[in-house]
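Right, one structure below, let's go through it.
Each ligand, and each atom within it, is numbered from 1 in the order the structure gives. For the single chain, residues carry numbers from 1 onward in sequence order. Because the structure is predicted, anything quoted here is derived from the model rather than measured.
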Amino acid sequence: MKKVISVVGARPNFMKVAPLCRALAPHAREIKHVLLHTGQHYDTAMSQVFFDELELPAPDIYLGVGSGSHGEQTARIMAEFEKVCVNEKPDMVLVVGDVNSTLACSIDAAKLNIPVAHIEAGLRSFDRTMPEEINRIVTDSISSLLFVTEQSGIDNLRNEGVGERKMFLVGNTMIDTLLHLKPKAQQSKILERYGLEKHSYCVVTLHRPSNVDTKEGLKNILELFEKLAEHISVFFPMHPRTKKMLESFGMEARAQAIERLLIVEPLGYLDFLRAMESATFVLTDSGGIQEETTLLGVPCITMRENTERPVTVEKGTNILAGTDMKNVFAACENVLCGHIKPGSVPPLWDGRAAERIKNVLLQQLSV
Ligand code: UD1
């Protein structure tokens with residue numbers, strides 16, 4: 001019997017691990033699959049709702065580390081996860097994405113000579129001011145198995161000198177989850193709840209420190225909303241980080257004064273999927289949402305200077321608008337005028353990525 005510990009910590013991790021839990025469940029006699037939650041995200045709306053909706057089993061181990069600076073948070077996870085590895089003696093540790101939990105747990109495991117498998121490996125924004133880019137580079141460099149979502153990831157790993165035998169182009173487990181739950185999301189009443197009419201609103205998600213952590217940045221964003229709301233309703237489920245910054249700069253009143261801007265709490269998975277699917281477009285600085293909109297065929301305007309997911313621009317519906325608000329507004333106007341970029345679905349984004357990963361794991365663990 002082999003033991004694999006899968007690590008989740010922050011909101012975008014849950015949908016990447018859920019399909020793997022399903023794929024490994026029938027192999028419970030050969031592989032004991034332990035689900036560990038670091039507690040990087042802990043609010044009901046940022047964590048528990050995803051366990052309920054994604055049919056994720058309750059975590060076997062919860063570290064409860066909470067928020068902190070990068071150093072504090074990473075160090076707290078490392079101190080706790082090291083003890084888990086020593087006690088549990090897993091044969092492999094599986095990490096996903098690029099959050100601090102991914103980095104911390106992969107370092108612990110690698111130092112204890114436990115092989116690390118990284119799902120969503122090889123993505124690079126080539127922007128080292130992004131904390132996630134540091135997390136990606138370090139995690140990939142110490143992982144034994146690299147599961148990749150798009151060809152650019154393979155190219156990046158090759159350029160970094162990674163051996164061919166370590167990397168596997170398998171598709172996207174986040175898309176597995178989306179395809180699995182799309183029918184259920186149709187039943188969500190989110191549009192009715194907020195009086196949103198299909199294709200007559202845009203969805204906004206913004207939480208990157210580079211966009212929301214400065215007064216100037218947030219002021220520019222509110223100005224953008226003021227202009228945008230003259231043309232379309234703006235539906236903004238706000239990340240706690242953005243909310244905190246808006247409050248600390250004393251800008252809530254200005255935001256509330258924008259008539260067609262609707263700010264709500266972070267949504268659960270099914271509600272958010274339904275809201276995205278029926279939107280005229282999505283404006284975001286998230287990574288995963290660039291991929292989900294590409295799959296859904298919904299126009300996505302990404303408010304960042306770069307993307308680690310170039311396939312969403314090359315093949316999908318994503319438009320990299322940068323962070324100059326003039327350009328962001330022009331990109332929105334373009335979509336509002338009906339100039340919609342046609343998109344196609346990237347190879348292997350077919351709902352079977354977790355099955356492919358499972359097959360590699362069974363082989364590598366010799367079970
Ligand atoms: C983290 C990830 C980011 C990911 C994002 C998705 C890192 C470096 N960043 O950013 O890549 O895109 O998650 O959401 O790992 N907070 C709450 N409740 C929570 C969690 C956080 O209120 O459940 C607040 C706290 O004030 C906290 C702040 O949000 O200080 C930031 O949380 P943190 O986990 O440090 O980073 P995110 O911005 O969420």
Side-chain angles (χ1 to χ4, degrees), residues 7-17 37-52 54 59 62-78 80-81 95-107 118-121 123-125 127-139 174 177 203-214 217-218 221 236-249 263-269 272 282 284-293 300 302-304 306-309 312:
V7 175
V8 290
R11 182 167 63 174
N13 294 160
F14 307 125
M15 38 295 235
K16 293 171 192 168
V17 165
H37 187 345
T38 63
Q40 174 174 347
H41 284 176
Y42 42 84
D43 285 348
T44 305
M46 298 296 284
S47 176
Q48 186 56 47
V49 65
F50 296 94
F51 279 82
D52 300 340
L54 303 177
Y62 184 71
L63 303 182
V65 297
S67 302
S69 69
H70 283 271
E72 284 167 352
Q73 190 175 57
T74 308
R76 250 186 266 140
I77 301 169
M78 282 185 70
E80 294 307 311
F81 188 65
V95 295
V96 295
D98 54 16
V99 302
N100 286 344
S101 301
T102 314
L103 172 76
C105 295
S106 58
I107 294 178
H118 184 204
I119 295 183
E120 203 186 86
L123 298 182
R124 296 288 181 269
S125 66
D127 173 2
R128 290 197 181 195
T129 64
M130 274 180 91
E132 293 81 2
E133 182 75 351
I134 307 294
N135 295 347
R136 293 180 199 116
I137 293 168
V138 177
T139 303
M174 195 174 211
T177 292
V203 173
V204 176
T205 82
L206 295 170
H207 73 281
R208 294 254 159 244
S210 54
N211 282 328
V212 305
D213 277 11
T214 64
L218 270 183
I221 288 168
F236 188 4
M238 195 180 273
H239 189 285
R241 174 184 205 104
T242 312
K243 184 163 185 259
K244 196 166 102 181
M245 297 317 293
L246 202 68
E247 284 166 6
S248 76
F249 296 132
I263 296 177
V264 301
E265 294 294 309
L267 300 181
Y269 185 80
F272 189 70
V282 175
T284 191
D285 60 7
S286 148
I289 291 171
Q290 299 172 54
E291 299 181 335
E292 291 170 334
T293 45
C300 178
T302 298
M303 218 174 92
R304 284 175 47 188
N306 48 57
T307 178
E308 62 287 335
R309 294 159 159 93
T312 61

Residue and atom name of the nearest protein heavy atom (relative to atom 16 (N) of ligand 1), distance in Å to one decimal: Y42 OH, 3.6 Å
Closest non-hydrogen atom pair, N100 against Q40: N-OE1, 3.7 Å
Identity and separation of the nearest protein heavy atom to atom 38 (O) of ligand 1: R241 NH1, 3.0 Å
Salt-bridge present (E308, R304; N to O < 4.0 Å): yes
Heavy-atom gap H70 to ligand 1 smaller than 4.0 Å: yes
Ion pair check, E132 and R208, cut-off under 4.0 Å: yes
Shortest protein heavy-atom distance from atom 8 (C) of ligand 1, along with the residue and atom involved: N100 OD1, 3.3 Å
Contact atoms of ligand 1, heavy-atom distance to P240 under 4.0 Å: 16 (N), 17 (C), 18 (N), 22 (O), 24 (C)
Under the ring pair (Phe, Tyr, Trp, His ring centres under 6.0 Å) test, residues paired with H37 that sit two or more places apart: F14, F51, Y62
Pair T284-Q290, side-chain donor/acceptor within less than 3.5 Å: no
Under 4.0 Å to a heavy atom of S67 - the qualifying atoms of ligand 1, by number: 21 (C), 25 (C), 27 (C), 30 (O)
Protein contact of atom 2 (C) of ligand 1 - nearest heavy atom, named by residue and atom, plus distance: V99 CG1, 3.7 Å
Pair N306, D127: side-chain N/O donor-acceptor within cut-off below 3.5 Å: yes
Test item: side-chain donor near acceptor, T312 and E291, under 3.5 Å: no
Those atoms of ligand 1 less than 4.0 Å from some heavy atom in P12: 6 (C)
Sub-4.0 Å atoms of ligand 1 with respect to non-hydrogen atoms of Q73: 34 (O), 35 (O)
Option with minimal heavy-atom separation from atom 5 (C) of ligand 1, where the choices are H207, K244, M245, E72: H207
Electrostatic pair E133:R136 at N-O distance under 4.0 angstrom: yes
Atoms of ligand 1, numbered as shown, that sit under 4.0 Å from any heavy atom of E132: 3 (C), 9 (N), 11 (O)
Minimum-distance protein heavy atom relative to atom 32 (O) of ligand 1: H41 NE2, 4.2 Å
Protein heavy atom at shortest distance from atom 18 (N) of ligand 1: D43 OD2, 2.8 Å
Pairing residues for P237 by the side chain to side chain contact (heavy atoms under 4.5 Å, CB included) criterion, not counting sequence neighbours: V203, F235, V264, L267, F272
N or O contact, N135 vs ligand 1, cut-off under 3.5 Å: no
Sole residue of D213, L206, L246 in side chain to side chain contact (heavy atoms under 4.5 Å, CB included) with R241: D213
Which segment of M46 sits under 4.0 Å of ligand 1 when only heavy atoms are counted: side chain
